[in-house]
Amino acid sequence: MIEISDIRASLAQGSTEQRCLALGLAEAIKLFGCLPHLLERIELRRRSIDARRKSDVHLVLTIRIHLCDELDEEELIACVPERERRRVRIVQERPAPAPEKLLRAPAPRPVIVGAGCAGLFAALTLAKAGAEPLLLERGDNASRREQAIEHFYQTAELDPESNIQFGLGGAGTFSDGKLTTGTKNPAHRRILETLVAAGAPRDILWDAKPHVGSDILPAVVENIVARIRELGGEVRFRTRLVDIERTSGCSGSVRAIRVEAQADGVAQEELIPCNQLILACGHSARDVFELLKQRGFELERKTFAMGARIEHAQSTIDRAQYGRFAGNPALGAAPYKLVAHVGDRSLFTFCMCPGGEVVAAVSEPEGVVTNGASLRARAGSNANSALLVNVTPEDLPGADPLEGIALQRACERIAYDLGGGAYRAPAQLVGDFLSRTASTGSGSIAPTYPLGVTWTALDDALPRHIIDTLRAGIPLLGRKLKGFDAADAVLTGVESRSSAPVTVVRDRDCVAIGAPGLYPCGEGAGYAGGIMSAATDGIRCAEAVLRELADR
């Protein structure tokens, strides 16, 4: 194959896959001088937006040409003018190798706890290899989970087991389904193709900033569950991990887990034999972290981040990013990614949701947690993003590895009180926040938090170093993105669950230190930071389990 990059396309030329392919074909013929029938197949690999010059916003394409056998790639590239040669390269595609299929299913079978993206891809990998895994999820399947969330929004009656954090697909199901990643791994293409096969839009295969949308993801994860079951795996919902038994008390290898299953409002415990447990519990499974500490597993503090959600009019962000091209359908709602350095601290945006809404992401009673989501169309009137500052292990008192969880919980409960109860969120206008004045009402931007906001001051809801960094950093971000520090932009608190504040320590084979049979996995264990990295880690842990089975 030959890959051609840096193909410039106008917004009209790059508006559809077919137009991109037509432009790519014309470029290949121009560069190589070969006839179209000698090109076996053409594939769009990447489409990105170049908005560095607001007067000349355009698209940039990368395509791959699959050649007929009679053509020699090196000879073709040798014919390309020297000034253009940097744009072409020979590609030897090496897909991530699939694990060998087991001769028979192991007994006892591998167990995965948590059906977020890490757990789903771990279970799918094991099922494809014939391991007949058992996948356990404390929350509901996607359709029942959507009902539980809607009930919470309408009544303020929280289901601690099925909410924005817990349930099929994990927290990622209701935070837009962004698939951007800063790492490269052969598994990434496999993950994207799996999502497309399960119903995700095809454009995630080539968009530089792909996303699925929170209206599509529930069906996608349900289809992945169906595939796991087709391959011999079992998936159970409303089943919560309550204990891990080891061969020698608080040391030794995993031999069983104890779970509590809910059926018709009745809880029943079950002991499940288990020599291999992939723990993909997610960053909000605080009871699991407490269990691990109690049972003597090795935990460490890790850096995490907290702050608030910031909302702007999406039209403001579009104009700031795209100038006179704002609103063009080929561009869609504009995203941003910003960072500002304030002394030895940094303020940064995270999980930015164009055309989205702020969601209520609490999973414990009498707390307020914000997150962001947007639907596939990203057609909402507001843009929102987490605005975060790191909390390092050195910022925390004492030596308890769960001290970060204690800080998160304390801030969430203060936010609940500031909101006045009933899961209303405290909110403050950016102008008032910068001038240290409590807000009394909204400006031109209507907050989208679904249970309503209480106008107040946010200073008491977060540690002092976070408040100080927010106050100093927001004007700096306003210099990078016009309108970001607008006086009537809305801050809604608190954003406390961007990542886990603890790591379940594991070795290079993904096995927990001092606990053979336990495979800490994904965001909750401290080894991922988004859908793609979590899914990749799920595959990595499943492959480690399969290697261990092969060595038996």
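Since this is a predicted model, take the numbers as computed values, not measurements.
- To the nearest 0.5 Å, atoms CE (M352) and CG (N384) are separated by 7.0 Å.
- Contact check for I474 versus L491: side-chain heavy atoms found under the 4.5 Å cut-off.
- Of all non-hydrogen atoms in L11 and A330, the two that sit nearest each other are O-CB, 3.4 Å.
- Residue E132 holds its CD atom at 10.0 Å from CG of L231, rounded to the nearest 0.5 Å.
- Counting only heavy atoms from C-beta outward, the side chains of D159 and H151 never approach each other to under 4.5 Å.
- Note: D72 CG to I90 CD1 = 7.5 Å, rounded to the nearest 0.5 Å.
- Formation of a donor-acceptor pair under 3.5 Å by the D207 side chain with backbone atoms of K209 is not found in this model.
- When each of L135, V113, T125, V545 is tested with I278 by the rule side-chain contact (heavy atoms from CB on, under 4.5 Å), just one qualifies, namely V545.
- Using a distance-only test at 3.5 Å, with no hydrogens or angles considered, a donor-acceptor pair links the side chain of R376 to the main chain of H211.
- Formation of a donor-acceptor pair under 3.5 Å by the N141 side chain with backbone atoms of E222 is not found in this model.
- Using modelled atom types and a 3.5 Å distance limit, the side chains of Q314 and S381 yield no donor-acceptor pair.
- E311 and R309 are not joined by a salt bridge, as no carboxylate oxygen comes within less than 4.0 angstrom of a charged side-chain nitrogen.
- Residue S363 comes nearest to L158 through the heavy atom pair C-CD2, 3.9 Å, listed as atom of the first residue, atom of the second, then distance.
- Contact record, A500 with H283: N-CB, 3.5 Å, taken as the closest heavy-atom pair.
- A donor-acceptor contact shorter than 3.5 Å is absent between the side chain of D318 and the backbone of A333.
- Side-chain contact between P201 and V212 is present, with at least one heavy-atom pair separated by less than 4.5 Å.
- The closest side-chain donor-acceptor pair between S444 and D488 falls under 3.5 angstrom.
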Evaluate the side chain to side chain contact (heavy atoms under 4.5 Å, CB included) criterion for residues K178 and I531: first the C-alpha distance (whole Å), next the side-chain angles of each, then the deciding distance (0.1 Å), finally the verdict. CA-CA 7 Å; K178 288 174 284 295; I531 289 175; 5.9 Å; no
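- Looking at V490, T349, L387, T492 one by one, the single match for side-chain contact (heavy atoms from CB on, under 4.5 Å) with I310 turns out to be L387.
- Residues F174 and R145 meet the side-chain proximity criterion, which asks for heavy atoms closer than 4.5 Å.
- Residue pairs satisfying the side-chain hydrogen bond (donor to acceptor under 3.5 Å, both in side chains) criterion with at least one member in residues 77-91, sequence neighbours excluded, are listed as follows: E3-R89, D6-R86, E27-R87, E82-R85, E84-R87.
- In this structure, K54 contributes its side chain and A51 its backbone to a donor-acceptor pair below 3.5 Å.
- Side chains of H58 and S10: a donor-acceptor N/O pair is absent below 3.5 angstrom, by distance only.
- No donor-acceptor distance shorter than 3.5 angstrom exists from the side chain of S175 to the backbone of G372, with no hydrogens or angles considered.
- Within the 4.5 Å cutoff, the side chain of L120 has heavy atoms near those of the I228 side chain.
- Not one N or O on the side chain of R202 forms a donor-acceptor pair closer than 3.5 Å with the backbone of V196.
- When every heavy atom of T448 is checked against every heavy atom of V358, the shortest pair comes out as OG1-N, 2.8 Å.
- Using cut-offs of 30° and 60° for the angle between ring planes, the F484 and Y336 rings count as perpendicular.
- Side-chain contact check for D56 versus D50: every heavy-atom pair is 4.5 Å or farther apart.
- To the nearest 0.5 Å, atom CE of residue M306 and atom OG of residue S499 are 10.5 Å apart.
- Residue pairs meeting the salt bridge (Lys or Arg N to Asp or Glu O under 4.0 Å) criterion with at least one member in residues 332-342: none, sequence neighbours excluded.
- For the pair R189 and E43, the salt-bridge criterion is met [side-chain N within less than 4.0 Å of a carboxylate O].
- Summarising the geometry, atom OH belonging to Y527 is positioned 8.5 Å from atom SG belonging to C510; distances are rounded to the nearest 0.5 Å.
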Side chain to side chain contact (heavy atoms under 4.5 Å, CB included) evaluation trace for V220 with I216: CA-CA 7 Å; V220 171; I216 295 177; 3.9 Å; yes
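- R45 contributes no side-chain N or O that, together with a main-chain N or O of I63, makes up a donor-acceptor pair within less than 3.5 Å.
- For the pair F121/D537, no side-chain contact is recorded, criterion being any heavy-atom separation below 4.5 Å from C-beta on.
- The neighbour count for E230 CD, taken as heavy atoms of other residues, nucleotides or ligands under 6.0 Å away, is above 12.
- Considering every non-hydrogen atom in both S162 and D140, the closest pair reads OG-OD2, 2.9 Å.
- In this model, a donor atom of one side chain and an acceptor atom of the other lie less than 3.5 Å apart for R497 and S284.
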Applying side chain to side chain contact (heavy atoms under 4.5 Å, CB included), run through L76 and V88 and close with a yes or a no. CA-CA 10 Å; L76 283 178; V88 299; over 6 Å; no
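- Here the CG atom belonging to N371 is positioned 9.5 Å from the OG atom belonging to S496, to the nearest 0.5 angstrom.
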Just do the side chain to side chain contact (heavy atoms under 4.5 Å, CB included) check on L546 and L102 with the steps written out, would you? CA-CA 8 Å; L546 292 170; L102 299 173; 4.0 Å; yes
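- Minimum heavy-atom separation, A118 to G522: CB-CA, 3.9 Å.
- Although no hydrogens or angles enter the test, the distance criterion places a donor-acceptor pair under 3.5 Å between the side chain of R19 and the main chain of A12.
- The main-chain N or O of G167 is found under 3.5 Å from a side-chain atom of E137 such that the two form a donor-acceptor pair.
- Contact check for L61 versus Q13: no side-chain heavy atoms found under the 4.5 Å cut-off.
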